[in-house]
Q: 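Got a structure for you, written out below as structure tokens; questions coming shortly.
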2 protein chains.
Amino acid sequence: MDRRIPVDDRTGRRIVPETARRADRPAPRYGTRPTMKDVAARAGVGLKTVSRVVNGEPGVTPDTERRVQEAIEALGFRRNDSARVLRKGRTASIGLILEDLADPFYGPLSRAVEEVARAHGALLINGSSAEDPEREQELALALCARRVDGLVVIPAGDDHRYLEPEIKAGVATVFVDRPAGHIAADVVLSDNFGGARDGVAHLIAHGHRRIGFIGDMPRIHTAAERLRGYRAAMEDAGIAVEDSWMSLGATDPGRVRPAAEAMLSGPAPVTAVFSANNRVTVTVIRVLAEQPRRVALVGFDDIELADLLQPGVTVVAQDAAALGRTAAERLFRQLDGTLVAPERIELPTRLITRGSGELPPAE
Amino acid sequence: MDRRIPVDDRTGRRIVPETARRADRPAPRYGTRPTMKDVAARAGVGLKTVSRVVNGEPGVTPDTERRVQEAIEALGFRRNDSARVLRKGRTASIGLILEDLADPFYGPLSRAVEEVARAHGALLINGSSAEDPEREQELALALCARRVDGLVVIPAGDDHRYLEPEIKAGVATVFVDRPAGHIAADVVLSDNFGGARDGVAHLIAHGHRRIGFIGDMPRIHTAAERLRGYRAAMEDAGIAVEDSWMSLGATDPGRVRPAAEAMLSGPAPVTAVFSANNRVTVTVIRVLAEQPRRVALVGFDDIELADLLQPGVTVVAQDAAALGRTAAERLFRQLDGTLVAPERIELPTRLITRGSGELPPAE
DNA sequence: TAGAGCCTGGACAACGTTGTCATGCGCGCG
DNA sequence: CGCGCGCATGACAACGTTGTCCAGGCTCTA
């Protein structure tokens, strides 16, 4: 009988006066948080009255409100949002899954998403997938289990059918930087194709014909698009691309360096390089600095201090902040119910000339 | 009357038998998620059995488990972690509050925290305070309301008493990069004083005596410590510091540039500059590049591509990843109950010589 | 002064999950 | 053949909050 404390407790609540109950549970035990019930007991009011005060709802006299506030203060009460979410359905939080927190490209993007979330009174939860599709899925589903209202995803994988039940259940979803796989959803992208084409055309306009391309694995959408842009520009200029001018693989220095060195040597070396992302660009800059000849360079993605190098690095810049802002705003419009059909939005890139892309071909 | 659907629904639940209820609510309505009850109904088992399957608890026959799994699959069920948290108390998530997501210094730090969290099976939620104490507090408390198990905070403000009730309630808390204000808590710092002193001493060792210092506002702890390091090195060398050699204020280019230009002009200009953080360093590099004389430079914080500039930039580097890792590990040890007293941990910095710090004084 | 109406405050259920306990079944052993 | 034991399963309460509804006391008016 006294094993079944919970039942005693419950019936007790109806029989024993409130003051006795309080003595029985001295509210703020270490490691236990005070609840609204504790606050109510201390303030000598009903549970719902505390709720009203906490949420700023009308219908509470100033005097009562003061008593409740004092109790909240004294106990260090903080509303338990888990319980609130459970009751209300919406969490006022959105998730952001990016690929690598340490990549400077994602800083401004993440920040832009946070700004928009904040403007909508929502909290941003983010995690990084480390470019691993499995981890991306794991993270996305964990966030959904937490019942975020929406997700901004920079995809690592190429199949997002696992999100179908979530989207159907009303989780707003926007993909950024790369499109979603096998699923209809909003996507916000940079114009990777056009940007790369323009960058390569810029080199061609400066007299180059043997132009190298160093990019990421083509299974990554952005990498494939940039490669396509390179090919298009070359074709437009009537230049036949040789296989030895292209490197499509990992972007770590250990792999990029030999690739760059290879296309810069031999009987007919390239006179210019188009590097298809910021990591590649950094390595290529190092390699070019060691070359006796001046080799032209245009990089995709801006890099910090690019203007201070000799020569300054000409780049095709994406507007990371705009990507994030656009995606987040679209997400909240989904939540408003303003949006209907998924859309694909492409933001323009910008060619920034700083010197390296304007070097003439050197033998 | 038919405006008041929820009530109809609710009373309906008590009167109508379970099977009828199911028809009345065909489980996955758009915008409504299936619950364990829905799964149980579909699989023809009890609620608790579903819970057991979902959590991999023993005591379920393979056949029953299969039926439940099928129902889960068919309905696209996903456990509601809010409810779970409410019941269990722990959330398996920690919060990280940093100062600016876009600052490259915080990328590796944030990533390191995430790695550790992941290793402990926890989710990382992070937000940035944008250097605003009020926003820091707002964020921290929002995370506590979400019942994160712990907080890693890079302080923006200097009074953290608002966290007292949370810490008392068992929220593990570690401060990084800057100490907590008016509260006893774990702190993980870089050796800002020692690093700055060594950096300045390095310049002195190369013959400089008129050395400028450009740093952040001294109300920021790291800035104050680095200034202290500068003064200590100068004093050790018996050099009297002149006020015109120091600039202590905002770190935006609009403010740093004139400050740098001022100390580089006049009858007795400085021959070397110690820039006390990465943002300052970048601006100083730009200014120095415009100077006719060669001015030596040592910066606090490493910057990307520092080795590719002419000359390479000598820096006092902090190990951001180590800061994050150390803090996160300490946080989880708090949660384990392994830790007792708050501690202050200082990690060493490292002087990386690349050329700019080794230039001799030039008139 | 009585009745209507408003305002404040509280009781209670429900959100979806998990822990506790009870039940019923089959089986082995005495 | 009966008793007890172990196992699979389910009923039920509880986590802390919010929405709904009702009660009691007040004011205002006829």
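Keep in mind that this is a model prediction, so the values were computed, not measured.
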Q: B:I97 and B:E136: which non-hydrogen atoms are nearest, and at how many Å?
A: CD1-O, 4.1 Å

Q: Can you check whether B:T49 has a side-chain N or O nearer than 4.0 Å to OP1 or OP2 of D:dT9?
A: no

Q: So which heavy atom on B:T35 is nearest to which on B:F77, and how close?
A: C-CE1, 3.6 Å

Q: When we call it a touch if two heavy atoms are under 4.0 Å apart, what does A:V85 touch: a base, just sugar-phosphate, or nothing?
A: nothing

Q: Can A:R325 and A:E115 be counted as an ion pair, charged N to O under 4.0 angstrom?
A: no

Q: Both B:T61 and B:A83 contact DNA chain D. Taking the nearest nucleotide for each, which residue is further toward the 5' end?
A: B:T61

Q: Quickly work out the B:N80 CG to C:dT18 P distance and round it to whole Å.
A: 10 Å

Q: With DNA chain D as reference, determine whether B:L47 or B:E65 sits nearer its 5' end, using the nearest nucleotide of each.
A: B:E65

Q: May I ask you to say what A:V60 touches in the nucleic acid, namely base, sugar-phosphate or nothing, with a heavy-atom cut-off under 4.0 Å?
A: sugar-phosphate

Q: What nucleic acid atoms does B:T64 come within less than 4.0 Å of, heavy atoms only: base, sugar-phosphate, or nothing?
A: sugar-phosphate

Q: Assess whether one donor atom and one acceptor atom, taken from the side chain of B:R52 and the base of D:dG10, lie less than 3.5 Å apart.
A: yes

Q: Quickly work out the A:R84 CZ to C:dG16 P distance and round it to whole Å.
A: 17 Å

Q: Between the side-chain atoms of A:R87 and the base atoms of D:dT17, is any donor-acceptor pair under 3.5 Å?
A: no

Q: Without decimals, in angstroms, what is the distance between A:R147 CZ and C:dT17 C1'?
A: 11 Å

Q: Does B:N55 reach a base, just sugar-phosphate, or nothing at all? Heavy atoms under 4.0 Å.
A: sugar-phosphate

Q: I need the NZ-P distance between A:K88 and C:dG16, as an integer number of Å.
A: 15 Å

Q: Just checking B:R79: base, sugar-phosphate only, or nothing, at a heavy-atom cut-off of under 4.0 Å?
A: sugar-phosphate

Q: Using OP1 and OP2 only, check whether a side-chain N or O of A:S51 sits under 4.0 Å from D:dT18.
A: yes

Q: With a 4.0 Å cut-off on heavy atoms, is A:E57 in touch with a base, just the backbone sugar-phosphate, or nothing at all?
A: sugar-phosphate

Q: Measure from CE on A:M36 to P on C:dG10 and round the result to the nearest Å.
A: 14 Å

Q: Please report the interatomic distance CG(A:L151) to CD(A:Q334), rounded to the nearest 0.5 Å.
A: 10.5 Å

Q: Select base, sugar-phosphate, or nothing to describe what A:K48 touches, counting heavy atoms under 4.0 Å on all strands.
A: base

Q: I need the CZ-C1' distance between A:R90 and D:dT18, as an integer number of Å.
A: 17 Å

Q: Using the side-chain contact (heavy atoms from CB on, under 4.5 Å) definition, which of the options B:P155, B:P342, B:P179 pairs with B:V187?
A: B:P179

Q: Using a 4.0 Å heavy-atom cut-off, does A:V45 contact any base of the nucleic acid, only the sugar-phosphate backbone, or nothing at all?
A: sugar-phosphate

Q: What is the separation between atom CG on B:L86 and atom C1' on C:dT17, rounded to the nearest whole Å?
A: 8 Å

Q: Whole-Å distance between D:dA14 P and A:R33 CZ?
A: 23 Å

Q: Is it the case that over 12 heavy atoms from other parts of the model lie below 6.0 angstrom from the CD atom of A:E73?
A: no

